[in-house]
Amino acid sequence: MAGSVTAEEQKFCLKEVLDTFKLCLTENKEVYLEHYVAGWRGLVKFLNSLGSIFGFISKDAVNKIQILVTYLNGENGSQYVTVQSMVKYELDNELVDITRRGSHPESGCRTLLRLHRALRWLELFLERLRTSSEDSKTSVMCAEAYNESLAKHHPWVIRKAAGMAFCVLPGRPAFFEVMNVSPPEQVVPMLGEAIPLISEVYQVTEGLYAQHNLLDLP
Ligand SMILES: CCCCCCCC/C=C\CCCCCCCC(=O)N[C@@H](COP(=O)(O)O)[C@H](O)/C=C/CCCCCCCCCCCCC
């Protein structure tokens, strides 16, 4: 049926996300926006499978993905092929609110920055998952990763809501099951493959944003 999304398409698959992040970097270490947002889309599937308490997080991520997809598919889409070209285009054309929110509250640069900060959370969380023992608590790993990364950018109310959502995260075995990896023993090696890729994409973006003083965009 045209336009309908099958259950299979909505199902998270760690391998799929891994493959997407593999495609993210060009030979010159630029970040393809198309694959970057595809990686996030895949991750949001995981979040959606955890229940409605994560809906406010998923909604925010989907909203930001959609903003970037609209730029990618828009009339200036060719300027948005890589994060590097997006930064250059938006800065050259004064399309970014640099110090306070003004006429460009949804620039590609500030929108991607929010996902970029979340990518650091993901890297820290996955590394904890990878090295955890069977009885480790995903809620604790998630909260620790959050406190080391995203939390400093969020107001009290969001930190509280996120903290409450983390408490209902499933245990490590159920969590691994949702990753849809067969056999499940492959989850840890697959995380071992995914984390350096995610980390490299994060580092390249961080370097670019630092170089242009964009790390604190309002
Ligand atoms: C490999 C499989 C295992 C891990 C799967 C993880 C799946 C995670 C999928 C998505 C993560 C959500 C990314 C959230 C982006 C948040 C961006 C952000 O910081 N937005 C805030 C600021 O935006 P503006 O107001 O300036 O536009 C916004 O205020 C935030 C709202 C929502 C709360 C965000 C809390 C984020 C918590 C970290 C994610 C926890 C997911 C737990 C699931 C394991």
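Both ligands and their constituent atoms are indexed starting at 1 by order of listing. Numbering of residues begins at 1 and proceeds along the displayed sequence.
- At least one heavy atom of Lys64 sits under 4.0 Å from some atom of ligand 1.
- Looking from atom 12 (C) of ligand 1 to the surrounding protein, the closest heavy atom is Ile57 CG2, 3.6 Å.
- Close approach of ligand 1 to Phe175 (heavy-atom distance below 4.0 Å) involves ligand atoms 3 (C), 44 (C).
- Taking the charged nitrogens against the carboxylate oxygens, Glu16 and Arg41 have no contact shorter than 4.0 Å, which rules out a salt bridge.
- Summarising the contacts of atom 8 (C) of ligand 1 with Trp121, Phe54, Phe12, the nearest heavy atom is found in Trp121.
- Ring geometry for His154 against Tyr146 counts as tilted: the plane angle lies between 30° and 60°, on a 0 to 90° scale.
- When His153, His154, Met179 are checked for heavy-atom proximity to atom 21 (C) of ligand 1, His154 turns out nearest.
- At a heavy-atom distance under 4.0 Å, only side-chain atoms of Leu126, from C-beta outward, approach ligand 1.
- Of all atoms in ligand 1, numbered sequentially from 1 with element shown, those under 4.0 Å from a heavy atom of Trp40 are 10 (C), 11 (C), 13 (C).
- Between Glu134 and Arg172 there is no salt bridge, since none of the side-chain N atoms of the basic residue sits less than 4.0 Å from a carboxylate O of the acidic one.
- Nearest heavy-atom pair, Phe176 versus Leu129, reported as atom, atom and distance to 0.1 Å: CE1-CD2, 3.8 Å.
- The heavy-atom pair separating Trp121 from Cys142 by the smallest distance is NE1-O, 3.6 Å.
- Atom 38 (C) of ligand 1 has Leu150 CD1, 3.8 Å as its closest protein atom, hydrogens excluded (heavy atom only).
- The shortest separation from a heavy atom of Arg117 to ligand 1 is not under 4.0 Å, leaving the residue out of contact.
- In this structure, Phe175 and Phe46 have tilted ring planes: the angle between them lies in the 30° to 60° band.
- Considering backbone and side-chain N/O of Arg110, one or more are found under 3.5 Å from N/O of ligand 1.
- With respect to atom 43 (C) of ligand 1, the closest heavy atom belonging to the protein is Leu47 CD1, 3.6 Å.
- The nearest heavy-atom contact from the protein to atom 15 (C) of ligand 1 is Ala118 CB, 3.8 Å.
- Interface atoms of ligand 1 facing Leu14, defined by a heavy-atom separation under 4.0 Å, are 1 (C).
- Protein heavy atom nearest atom 16 (C) of ligand 1, with residue, atom name and distance: Asp60 OD2, 3.6 Å.
- Among protein heavy atoms, the minimum distance from atom 5 (C) of ligand 1 is reached at Phe46 CD2, 3.5 Å.
- Shortest non-hydrogen contact noted between Ser103 and Asp97 is N-OD1, 3.5 Å.
- For Lys88, the NZ atom sits in a loose shell: 12 or fewer heavy atoms of surrounding residues, nucleotides or ligands are nearer than 6.0 Å.
- Of the protein's non-hydrogen atoms, the one nearest atom 22 (C) of ligand 1 is Arg114 CG, 3.9 Å.
- Under the 4.0 angstrom criterion, atom 26 (O) of ligand 1 counts as having a protein heavy-atom contact.
- Of all heavy-atom pairs between Thr138 and Gly171, the closest is CG2-C, 4.1 Å.
- The single protein non-hydrogen atom nearest to atom 7 (C) of ligand 1 is Leu43 O, 3.5 Å, given as residue, atom name and distance.
- Side-chain contact of Tyr89 with Asn76: a donor-acceptor pair under 3.5 Å is present, judged by distance alone.
- A salt bridge between Glu206 and Arg120 is absent, with no side-chain N of the basic residue lying under 4.0 Å from a carboxylate O of the acidic one.
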